[in-house]
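Worksheet for the structure shown next.
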There are 2 protein chains.
Amino acid sequence: MTRPARRITSTDVARAAGVSRTTVSVVLNDAPGQSIPEETRRRVMEAAERLGYRPHAWARALRAGRSDVALLAVPDLPIGSSISRFIEELATALAAFNLTLVTHLEGAHGRSLPDVCASVGASAVIGFYPFDADTVQALRRAGATVVLPLPYEDSSMQQVGRMQAGHLISRGHRRIGYALTADAALRPMADDRLRGVAGACAQAGLEPPVALTVGLQVPEAAQAVRRWTEQSVTGVCAFNDDTAIAVLAGIHEQGLRSPTDLAVIGADDIPTAQVAIPPLTTVVFDLHEIARDHAESVVAGLSGTQPRSTPASFNPRVIQRAST
Amino acid sequence: MTRPARRITSTDVARAAGVSRTTVSVVLNDAPGQSIPEETRRRVMEAAERLGYRPHAWARALRAGRSDVALLAVPDLPIGSSISRFIEELATALAAFNLTLVTHLEGAHGRSLPDVCASVGASAVIGFYPFDADTVQALRRAGATVVLPLPYEDSSMQQVGRMQAGHLISRGHRRIGYALTADAALRPMADDRLRGVAGACAQAGLEPPVALTVGLQVPEAAQAVRRWTEQSVTGVCAFNDDTAIAVLAGIHEQGLRSPTDLAVIGADDIPTAQVAIPPLTTVVFDLHEIARDHAESVVAGLSGTQPRSTPASFNPRVIQRAST
DNA sequence: CTGAAAGCGCTAACAA
DNA sequence: TTGTTAGCGCTTTCAG
């Protein structure tokens, strides 16, 4: 298990190829302006290949002053499939620039973000929420040259809410409800989405949405449903699909039906949304573009270039199913 | 944005405290056997604190020959809340040993695991599935001294299946169905759980479970339900809660009821399980203990000690709700 | 009790 | 065209 297996260093390759370490370095890094005879080059490549040589990341980073590691700080909230897809997209986009993405789950008891940043020697740190000034400073001290909060909490989230409300309104609903999550960690995002809903209502000349908190418990959801129907709400925007599914359960519990008695629209399109009873209408958005956009910002930041300010096309849209 | 902000090195601290780099190192690392006068010690600490000094991880690792980074390779499967909770537990457990956990999502287009391992200079690599020999070798070459697949696919997973089947059998079901996931990435785990179910059936003298693949689509689930009822199956164990909820949808679609016509038991207790229609009986297990156990194996591996072979108490149990 | 020096593996100047 | 040297920041002998 613990076979030490001495690392293969550039010295080994040099010896095997009968050249100096420098030459190895030059060949393997394709150093510009250097002309190495094809024969030598081939010998070096072959030796490196045969020995399974890998440049030692720490040494390289130490020398270069920066690493190719980017760190994504994921908050301690339920990671939906949309987030994991986003991470993958981001990793792919960064890989195209020779950057390696690793993620850190920010838990209450784990290591602090700056610690992790220092440990892996990340050059860039990407977060889902704005970092406070102290954290930013700590991250810089820990070696990060780029600190980039995803603008996840701003208008993009509001757009989701606007889209949900717009959908209900376009289907004739005139009194809108909003189902807030009971999860405190998600609350800021929920508030943001709610603002979007409120905006759309105002714009359509409707009264503000009736916002209620809905936990993931049937009785609680049922009570919310009762209150909505009492106030003649006919359509509910839920913070996310989890909450939406709870609302559907509440409707069922009350012996009512969706969408006849109360229409429901969720957000995120989690896998079980399509097998909810009834299948859940929901809002999705493209993480692909936004990921690529952030990768570019990171690269721009690292190379000192100004990031181009073209905003990513977020492209939120409604997936129509039976619940509305 | 890109303020270079020269790093604070131990030289800076030494100068500020009026001592040598060695002394700084000795003080900050609590080097054993060295006795530093309290006064000097205090001066060093104070200077380090004031300057916000952080030892440079790369240099330290380069010198020491190993880093404090552990890398968790998460397969490209939907990260459910149970997995993310597990990651958090593992990170916490490792942090107790001064190890830093970061995770890498293995995507098709991203960087290869050995690449990531090399980039972050991980000393330990933990995976959800057994690595093939080539990968293991590549990881060793990349600097990992410990390569530890989580025994996630072995008996623990089978236990989950056994538990599910046991629950149904104890409630009088004599013909058991199994709902396999349609997600290829999850299939090995599903097969393992199925083996557990089959074992329990055999032990009870029942026929083998009727295994069908159930995707997250209502018509597909409905068809599976039809086939089960045709074969007089009365209780179904689902690979996980997502699949179980699809089965519930299929039952509903057929105009049947759970548990009267067909009982369903899931696994993992995802948030929406309790608001499924009807609320879903499911099997949960403690990730806490298993995470701690793995952290210990990693530490043991790194320090050359033999890992103690006490198996983690996995503690799977049934959460009884309305669907069985 | 403290400091000087060596060296981890790498690469960028500079010399040959 | 290739090799020699220096140094990134750290820790760890070994002298003083």
Side-chain angles (χ1 to χ4, degrees), chain A residues 4-44 47-48 51-68 118-119 121 123 141-143 145, chain B residues 4-44 47-48 51-69 98 118-119 121 123 141-143 145:
Chain A
R6 196 181 62 74
R7 285 200 66 123
I8 286 126
T9 78
S10 83
T11 310
D12 297 322
V13 178
R15 189 166 32 226
V19 297
S20 81
R21 293 219 325 277
T22 310
T23 311
V24 172
S25 192
V26 167
V27 169
L28 295 181
N29 294 327
D30 256 342
Q34 306 284 3
S35 51
I36 300 283
E38 198 46 45
E39 161 63 12
T40 311
R41 170 181 231 78
R42 206 190 45 68
R43 268 218 321 280
V44 170
L51 297 177
Y53 169 70
R54 278 197 113 96
H56 201 312
W58 305 325
R60 192 203 276 254
L62 182 57
R63 175 66 229 222
R66 62 200 192 72
S67 75
D68 67 341
S119 280
S123 300
R141 280 206 200 304
T145 48
Chain B
R6 197 181 64 72
R7 286 199 66 123
I8 287 125
T9 77
S10 82
T11 310
D12 298 322
V13 178
R15 190 166 31 228
V19 297
S20 80
R21 295 222 319 280
T22 310
T23 311
V24 172
S25 191
V26 167
V27 169
L28 294 181
N29 294 325
D30 257 341
Q34 306 284 4
S35 50
I36 301 283
E38 198 46 47
E39 161 63 11
T40 310
R41 168 180 231 80
R42 204 189 46 67
R43 269 218 321 280
V44 171
L51 296 177
Y53 169 69
R54 280 197 110 96
H56 202 312
W58 305 325
R60 193 203 276 255
L62 182 57
R63 171 68 224 218
R66 61 199 192 72
S67 75
D68 68 341
V69 175
N98 284 314
S119 280
S123 298
R141 281 207 199 304
T145 47

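Each chain gets a letter, A, B and so on, in the order its sequence line appears, and its residues count up from 1. Below, all heavy atoms of this structure are taken into account, side chains as well, without hydrogens, waters or symmetry copies.
- Below the 3.5 angstrom threshold, one finds a donor paired with an acceptor across the side chain of Thr22(A) and the base of dT4(D).
- In this structure, of dG9(C), dT4(D), dG3(C), it is dG3(C) that holds the atom nearest to the side chain of Val19(B).
- Rounded to an integer number of Å, the gap from CZ of Arg54(B) to P of dC10(D) is 12 Å.
- In plain terms, the two heavy atoms of Ser123(A) and Ser67(A) that are nearest each other are OG-O, 2.7 Å.
- OP1 or OP2 of dC10(C) has at least one side-chain nitrogen or oxygen of Tyr53(A) nearer than 4.0 Å.
- The distance between atom CZ of Arg66(A) and atom C1' of dC10(C), rounded to the nearest whole Å, is 15 Å.
- Atom pair Arg15(B):CZ and dG3(C):P shows a separation of 14 Å (rounding to whole Å applied).
- With dC8(D), dG3(D), dC10(D) as the candidates, the nucleotide lying closest to the side chain of His56(B) is dC10(D).
- Side-chain nitrogen and oxygen atoms of Arg60(B) include at least one within less than 4.0 Å of the OP1 or OP2 phosphate oxygen of dT11(D).
- Comparing dC10(C), dT2(D), dT2(C) against the side chain of Pro37(B) picks out dT2(C) as the nearest.
- Just one residue in the list Val19(B), Val26(B), Val27(B) forms a side chain to side chain contact (heavy atoms under 4.5 Å, CB included) with Thr40(B), and that residue is Val19(B).
- Distances from the side chain of Thr23(A) to the nucleotides dT11(C), dG3(D), dC10(D) place dG3(D) closest.
- By the neighbour-count criterion of 12 heavy atoms within 6.0 Å, atom CZ of Arg141(B) is densely surrounded, having more than that number from other residues, nucleotides or ligands.
- The interatomic distance linking Glu38(A) (CD) with dT1(D) (C1') rounds to 14 Å, in whole Å.
- Following rounding to the nearest Å, Leu62(B) (CG) and dT11(D) (P) show an atom-to-atom distance of 12 Å.
- Residues Tyr53(B) and Thr9(B) approach most closely at CE1-C, 3.5 Å, considering heavy atoms.
- Distances shown here put a side-chain N or O of Ser10(A) below 4.0 Å from the OP1 or OP2 atom of dC10(C).
- Atom CG of Asp12(A) and atom C1' of dC8(C) are 14 Å apart (whole Å).
- Taking 4.0 Å as the cut-off between side-chain N and carboxylate O, Glu39(A) and Arg43(A) count as a salt-bridged pair.
- One atom, CG of Asn29(B), and another, C1' of dG9(D), lie 13 Å apart when rounded to the nearest Å.
- Side chain of Thr40(B), nearest nucleotide from dA6(D), dT2(C), dC10(D): dT2(C).
- Looking at the side chain of Ser25(B), the nearest of the listed nucleotides dC10(C), dG9(D), dT12(D) is dT12(D).
- Note: CZ (Arg21(B)) to P (dG7(C)) measures 15 Å, nearest angstrom.
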